Protein chains: 2
Amino acid sequence: MASIHALNHRSSTLPAPPPAPANGRASLLPGFQGLAGAGLIVHAERDAEIVAQGDRAEHCYIVISGWLRTVTLMEDGRRQVGLFLTAGDLFGWDVIGEYDMSAEAVTDVVLRRVPMRCIDNLAERDPDFARRLRRMGAEQLRAARERMVLLGRMTALERIAHFLLETASRARAAGGDPVDLPMSRADIADHLGLTVETVCRGLSQLRRMGAIALDRHGFRILDRSALRAVRDNEVH
Amino acid sequence: MASIHALNHRSSTLPAPPPAPANGRASLLPGFQGLAGAGLIVHAERDAEIVAQGDRAEHCYIVISGWLRTVTLMEDGRRQVGLFLTAGDLFGWDVIGEYDMSAEAVTDVVLRRVPMRCIDNLAERDPDFARRLRRMGAEQLRAARERMVLLGRMTALERIAHFLLETASRARAAGGDPVDLPMSRADIADHLGLTVETVCRGLSQLRRMGAIALDRHGFRILDRSALRAVRDNEVH
DNA sequence: CGTACTCTTGACTCTAATCAAAGTTGGTGG
DNA sequence: CCACCAACTTTGATTAGAGTCAAGAGTACG
């Protein structure tokens, strides 16, 4: 655990529009042009907590660069990582009341912090924006249901293959392209409902199968159909 | 598996307002007064499929009586039950495009079927309704995240205790009150990411501990604090 | 460089799944 | 109305997959 609340406030007007957003499946989705220029740019360094579980949800965040994770903690320390977010992704816009999870920086990260009121106001004034908000909510829920199947019904190796394919697809990586994997094995484990050791063993197994090339901070897909077969349980 | 699509269309105007809605945590939430009188009343009998995974989402449903389950199927037959819905609960209002799960009748069930356009129209015209929609979406997502922790990180017995406490609370049952459990053990298992046998064993164990009284279609909580202790892992 | 951390692999354990067999129950038809 | 049957539930025995504990290898950072 590193420095907590290393948030440095910066300029107020936007320096650049968010880079072409990963569409993948999470909080993301293009939108939010209506908010261009709103909010402050904030920085957070690796492992800093950006919002805490239980905080009143008064802001939402747009990731400009770097990676975030959302984390839910149980009393006894068991941890569930909900989502990994990166450039173009949105966080917190869908919460009302208090955050039910915290958001932490996986890498140093730059965010635009937008007051929730802006969202609410814009949603009242602009029916098109409100519609987009609903669409994003529907997408979030779809993704959440998919994760329930993963967590409730998939084996360790299936979950790992699924995670790699999804991560590659969010990075828009073609086969063989290197894909960034900035989060620790522990983060991946807590995201997939597994232990660190099981994640390692699964990754090694996929490497030995020739499905992926692997190093600590990234991977490449060598045999996408093999990886898909593992994810879809067409192989043991 | 029983009769498929046993939907009988009936009168068009509402016979009675939905009974005091269970608040629990799912699709529910009081709202939807703005839709009073809209839509058709439809009936479905036990195990009938009300909507299928992949159908275009053109309606949403308000449960008037009986119980539904939402079901996601994997290619190879593994099944995940998302939610159980009962009187006052809502289904499908948050989906855009195609349903990503099916809805099936757990018991014979009476529903009001409301065209999705009504929701959309009302949301455009009535900012208060739109706000309520957003609040319901936020609540759905909160519940979904809670289920991810359950599926990813809780033991079998913790999941079962959690399910019983939640079901009792949705039924607004005081301690010792009988609580309906109309779904099969297999449904419960697929809801909790377990097998039928593990669910049975867990329920029996809680009965032997004196935490609950149990029969096939219901239970009573005899020792709520014991049940909470199991859910919260203060006991093995 | 050295040290602390993360990652990987191995050995063993344990929880929950699987396989198997009774016991119940509710519905149906005689 | 009763008996039978199919489906569901429960319990037992065994297995398997993932967790735990432990140790070594690789890295990153000061």
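A quick note: this is a predicted structure, and the numbers were derived from the prediction, not measured. Order of the sequence lines fixes the chain letters, A, B, ..., with proteins taken first and strands second; residue numbering starts at 1 for each chain.
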By side chain to side chain donor-acceptor pair (under 3.5 Å) - contacts of [X] (at least two apart):
{"X": "B/Asp223", "value": "B/Ser225"}
{"X": "B/Arg79", "value": "B/Asp187, B/Asp190"}
{"X": "B/Thr195", "value": "B/Thr198"}
{"X": "A/Asp215", "value": "none"}

According to a strict under-4.0 Å criterion, is A/Arg207 in side-chain N/O contact with OP1 or OP2 of C/dC7?
no
Distance below 4.0 Å between B/Ser204 side-chain N/O and D/dT11 OP1 or OP2:
yes
Side-chain ion pair, A/Arg142 and A/Glu146, N-O less than 4.0 Å
yes
Students should find that the end-to-end axis angle of the helix from C/dC1-D/dG30 to C/dG30-D/dC1, with five pairs defining each axis and rounding to 10 degrees, is 40°
How would you summarise protein contacts on nucleotides 25-30 of chain D per nucleotide, using B for base, S for sugar-phosphate only and - for none, with heavy-atom distances below 4.0 Å?
-BSS--
Rounded to the nearest angstrom, tell me the gap between atom [atom1] in [X] and atom [atom2] in [N].
{"X": "A/Phe219", "N": "C/dC7", "atom1": "CZ", "atom2": "C1'", "result": "17 Å"}
{"X": "A/Ile160", "N": "D/dG17", "atom1": "CD1", "atom2": "P", "result": "14 Å"}
{"X": "B/Arg185", "N": "C/dT25", "atom1": "CZ", "atom2": "C1'", "result": "12 Å"}
{"X": "B/Arg208", "N": "D/dG12", "atom1": "CZ", "atom2": "C1'", "result": "12 Å"}
{"X": "A/Leu203", "N": "C/dT6", "atom1": "CG", "atom2": "C1'", "result": "14 Å"}
{"X": "A/Arg78", "N": "D/dT20", "atom1": "CZ", "atom2": "P", "result": "10 Å"}
{"X": "A/Arg79", "N": "D/dG19", "atom1": "CZ", "atom2": "P", "result": "15 Å"}
{"X": "A/Asp215", "N": "C/dT6", "atom1": "CG", "atom2": "P", "result": "17 Å"}

Side-chain donor/acceptor contact of A/Glu197 with base of D/dC21 under 3.5 Å
yes
Show each protein N/O and nucleotides 14-17 of chain C N/O combination with a separation under 3.5 Å, one pair to a line.
{"from": "C/dA16", "atom 1": "OP1", "to": "B/Ala156", "atom 2": "N", "distance (Å)": "2.8"}
{"from": "C/dA17", "atom 1": "OP2", "to": "B/Thr195", "atom 2": "N", "distance (Å)": "3.4"}
{"from": "C/dA17", "atom 1": "OP2", "to": "B/Thr195", "atom 2": "OG1", "distance (Å)": "3.1"}
{"from": "C/dA17", "atom 1": "OP2", "to": "B/Thr198", "atom 2": "OG1", "distance (Å)": "2.4"}

Would you please name every residue forming a side chain to side chain contact (heavy atoms under 4.5 Å, CB included) with [X], sequence neighbours left out?
{"X": "A/Ser204", "value": "A/Arg207, A/Arg208"}
{"X": "B/Ala57", "value": "B/Val95, B/Tyr99, B/Met116"}
{"X": "B/Pro182", "value": "B/Trp67, B/Val106, B/Thr107, B/Asp180"}

Go through the structure and list residues passing salt bridge (Lys or Arg N to Asp or Glu O under 4.0 Å) with A/Arg78, not counting sequence neighbours.
A/Asp76, B/Glu158
Give the minimum heavy-atom separation between A/Leu194 and B/Arg153, together with the two atoms involved.
O-NH2, 2.7 Å
Just to verify, what does A/Phe219 make a ring pair (Phe, Tyr, Trp, His ring centres under 6.0 Å) with, not counting sequence neighbours?
none
